[in-house]
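Just so it is clear: chains get the letters A, B, ... in the order the sequence lines come, proteins before strands, and each one is counted from 1.
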Number of protein chains: 2
Amino acid sequence: MKSSSLVSNNVTIFEVASQAGVSYGTVSRVLNQDQHVKAETRERVMKTIRDLGYVVNRQARSLAGGKTHIIGILVPDLGTGYIGEIIQGINTELQIASYDLMLYTTHRTPVLEADYVASLAQGMVDGLLLVLPRNPEDYIGILNSRHFPFVLIDHQGIGQNCPAVGATNWQGAYNATEYLIQLGHTRIGFITGWMDLGAAVDRLEGYKAALWAHHIPFTEDLVRQSTFHQLDGYNCAMDLLNQPVPPTAIFASNDVMAFGAMDAVREKGQRIPEDISIVGFDDIPQASIIHPALTTVRQPLRNMGNVATQMLLELLKNPDTPTKRIELPTGLVVRDSCQPPRG
Amino acid sequence: MKSSSLVSNNVTIFEVASQAGVSYGTVSRVLNQDQHVKAETRERVMKTIRDLGYVVNRQARSLAGGKTHIIGILVPDLGTGYIGEIIQGINTELQIASYDLMLYTTHRTPVLEADYVASLAQGMVDGLLLVLPRNPEDYIGILNSRHFPFVLIDHQGIGQNCPAVGATNWQGAYNATEYLIQLGHTRIGFITGWMDLGAAVDRLEGYKAALWAHHIPFTEDLVRQSTFHQLDGYNCAMDLLNQPVPPTAIFASNDVMAFGAMDAVREKGQRIPEDISIVGFDDIPQASIIHPALTTVRQPLRNMGNVATQMLLELLKNPDTPTKRIELPTGLVVRDSCQPPRG
DNA sequence: TTGAAAGCGCTAACAA
DNA sequence: TTGTTAGCGCTTTCAA
């Protein structure tokens with residue numbers, strides 16, 4: 001028999017106690033590494049636990065003790081790999097701390113986000129990681145007033161004073177734009193993200209700032225409002241390319257929109273990067289796989305997951321940890337989708 | 001105030017009962033849609049619940065009632081989008097049935113898989129969805145003997161008699177190979193998956209069968225054993241291409257290895273599909289994004305998630321449902337990575 | 001139709 | 001160092 005821990009069903013602390021000839025309080029002490037147990041007794045109890053294949057019932061434990069050792073994570077969806085990377089980062093930290101992970105996809109039911117949060121905060125999880133929350137204002141105030149621990153990931157809400165980790169979106173956009181300018185581009189199209197998100201605003205501002213710094217006039221004609229989705233990226237790029245004087249480069253606010261833009265360029269019979277340069281944002285796994293490999297602004301997604309989780313675990317240990325927002329650095333990843341403009 | 005459900009902390013069934021002027025048993029009845037409550041009383045209790053912002057404590061409920069309304073899902077990792085698709089399918093069904101999802105990544109701790117399963121089965125979740133399990137034999141027997149409900153996803157274990165959903169791997173590989181043959185290819189390289197997995201074996205067999213059916217001799221020289229990873233796909237493809245008489249087409253057992261193969265072809269200075277045709281398997285989201293778009297065998301990943309979840313929920317409702325294995329159809333998706341061989 | 005009360009399996013405070 | 005016991009918040013009999 002390889003592992004005895006699965007052998008029997010419904011072994012409780014009572015069976016263990018009677019088998020080992022102790023009270024069940026003592027078994028509980030052994031389980032919780034309480035020092036006040038004679039080494040010999042501990043030994044005997046542990047052996048019984050192994051023999052019987054006892055496994056604690058976490059429902060009962062948390063009912064009695066108040067902690068579930070589960071972290072809830074709310075994500076909008078799992079589509080692009082963007083979220084997957086963040087989850088990997090979270091998961092790594094959680095495993096180290098031996099917490100479990102409860103995953104909630106708000107994808108299909110944005111309206112229910114607040115209700116999810118309600119039920120989760122009600123004893124289901126010890127803390128919450130909110131990835132790209134849609135309308136955090138709906139519940140953050142209440143979470144705060146309950147002193148329920150949570151950390152926001154990748155939501156640069158303006159003026160909100162709560163624990164959060166994000167990335168230097170402004171700087172990333174600035175650098176990417178500057179890179180295109182230094183290649184010689186002056187007509188640089190920009191496709192925004194969903195402007196409700198602070199990150200999208202920051203990226204646009206970084207773009208504007210770089211133009212300004214290099215004395216290139218900003219014009220709305222080169223900017224298209226979009227939604228972070230591939231198809232919209234395609235449409236916006238089409239629109240940009242159909243102008244009388246089209247841009248020589250397009251900077252999309254995320255990678256999947258950049259993929260959409262690439263589709264548009266090809267459909268117009270043009271080549272990347274010979275005719276049009278393309279830059280994305282995020283550096284999701286696909287970015288390096290696609291051909292030509294996409295030059296993009298790297299977001300430290302995995303690391304954002306790590307850091308956010310560490311913050312949350314710290315908050316769990318010490319609820320009075322002062323609130324902080326962490327911005328992790330982005331970096332330009334130069335690949336094959338850009339070159340100087342023709343002529 | 002938008003939602004009152006988050007307003008107060010720790011409202012229990014007791015407060016609701018005293019506020020509404022009933023016993024807490026009655027509140028419980030209302031909560032559980034018990035018919036034996038006067039409409040008027042029900043009304044009053046429901047109003048109180050709303051007013052107080054009461055939310056049930058699921059830990060307590062499951063301790064008392066035995067059900068958690070949580071489904072556990074074990075996945076190897078979240079890297080490629082492959083798993084993400086399956087999870088989306090699972091999640092959709094779970095939301096409909098209002099079950100919660102507990103996600104376990106066995107990625108970094110394959111050894112612990114059996115222990116996870118132990119703790120989960122011990123009251124933490126009502127049922128288990130095992131995606132691409134590594135060594136199911138370690139615990140499946142025990143799960144079975146405990147009558148703990150579970151469904152395997154995408155594991156074509158040989159001779160195992162347990163609930164499972166998979167895809168028609170043999171047929172998919174057969175069709176893809178036949179497609180290449182009909183284009184005129186006769187030297188078709190094949191890169192296998194991790195041969196511990198039944199799916200990988202089936203794909204290889206499908207390939208062989210198609211060759212056989214078209215009177216093309218099978219030779220080991222054109223087959224490379226691999227692991228489902230991109231880098232190994234690259235290496236195997238390199239190896240294949242470096243042969244004295246290289247293949248004119250390469251069929252990889254999954255998409256990410258096909259991506260690796262594409263890298264190898266390019267590194268050899270050859271073009272796809274002009275010089276070498278490439279076929280993958282899975283049809284993960286990246287397959288259509290990459291350039292040239294990958295011709296591949298579509299696995300109905302999302303649908304596999306749906307179906308598996310439905311099976312599990314059925315099993316939960318009626319534990320005596322006869323065990324069945326479902327094979328969902330694969331389909332060839334023709335894109336731009338193949339053409340007839342040169343000359 | 002409702003109330004009362006016995007657990008579910010465990011933690012933690014209190015006694016011994 | 002160990003035993004005893006009061007809950008944790010709820011479901012579910014059993015009575016009324």
### Query
For A:Arg29 and D:dT1, what is the distance between atoms CZ and P respectively, to the nearest whole Å?
11 Å
### Summary
B:Lys67 atom NZ is separated from D:dC10 atom C1', nearest whole Å, by 16 Å
### Query
Hey, is the side chain of B:Arg58 pairing donor to acceptor with the base of D:dG9 inside 3.5 Å?
no
#### Entry: Among D:dG9, C:dC10, D:dG3, the nucleotide that comes nearest once only the side chain of A:Val56 is considered
C:dC10
### Query
Ignoring hydrogens and geometry, is there a side-chain-to-backbone donor-acceptor pair from A:Arg50 to A:Val45 under 3.5 Å?
no
#### Entry: Interatomic distance, B:Asp34 CG vs C:dT1 C1' [rounded to whole Å]
10 Å
### Query
Roughly how many Å is it from CZ in A:Arg61 to P in D:dG9, rounded to a whole number?
18 Å
### Query
Does A:Tyr24 place a side-chain N or O at less than 4.0 Å from the phosphate oxygens OP1/OP2 of C:dA12?
no
### Message
Any base atoms under 4.0 Å from B:Thr41, or only sugar-phosphate, or nothing? Heavy atoms, all strands.
### Response
sugar-phosphate
### Query
According to a strict under-4.0 Å criterion, is A:Asn32 in side-chain N/O contact with OP1 or OP2 of C:dA12?
no
### Query
Among A:Val27, A:Val56, A:Asn57, whose side-chain contact (heavy atoms from CB on, under 4.5 Å) with A:Ile13 holds?
A:Val27
### Whole-Å gap separating P (C:dG7) and CG (A:Leu63)
17 Å
### Task
Verify the contact: side-chain N or O of A:Thr26 to OP1 or OP2 of D:dG3, cut-off strictly under 4.0 Å; return yes or no.
yes
### Query
Where the side chain of B:Ile13 is defined as all heavy atoms beyond and including C-beta, which of C:dG9, D:dG3, D:dT11 is the nearest nucleotide?
D:dT11
### Query
Does A:Ser28 make a side-chain N or O approach to OP1 or OP2 of C:dT11 shorter than 4.0 Å?
yes
### Query
Between atom CD1 of B:Ile153 and atom CG of B:Leu301, what is the distance when rounded to the nearest 0.5 Å?
10.0 Å
### Task
Mind calculating the distance between CD (B:Gln59) and P (D:dG7) to the nearest angstrom?
21 Å
### Query
In whole angstrom, what separates B:Lys38's NZ from C:dT1's C1'?
8 Å
### Query
D:dC14 P sits how many Å from B:His36 NE2, rounded?
14 Å
### Qualifying residue, where the test is side chain to side chain donor-acceptor pair (under 3.5 Å) with A:Asp100 and the options are A:Gln95, A:Arg58, A:His69
A:Arg58
### Side chain of A:Tyr54 - closest among D:dG3, C:dC10, D:dC10
C:dC10
### Interatomic distance, A:Thr309 atom OG1 to A:Ile96 atom CD1 [nearest 0.5 angstrom]
9.5 Å
#### Entry: 5' precedence on DNA chain C between B:Ser62 and B:Gly25 (nearest-nucleotide basis)
B:Gly25
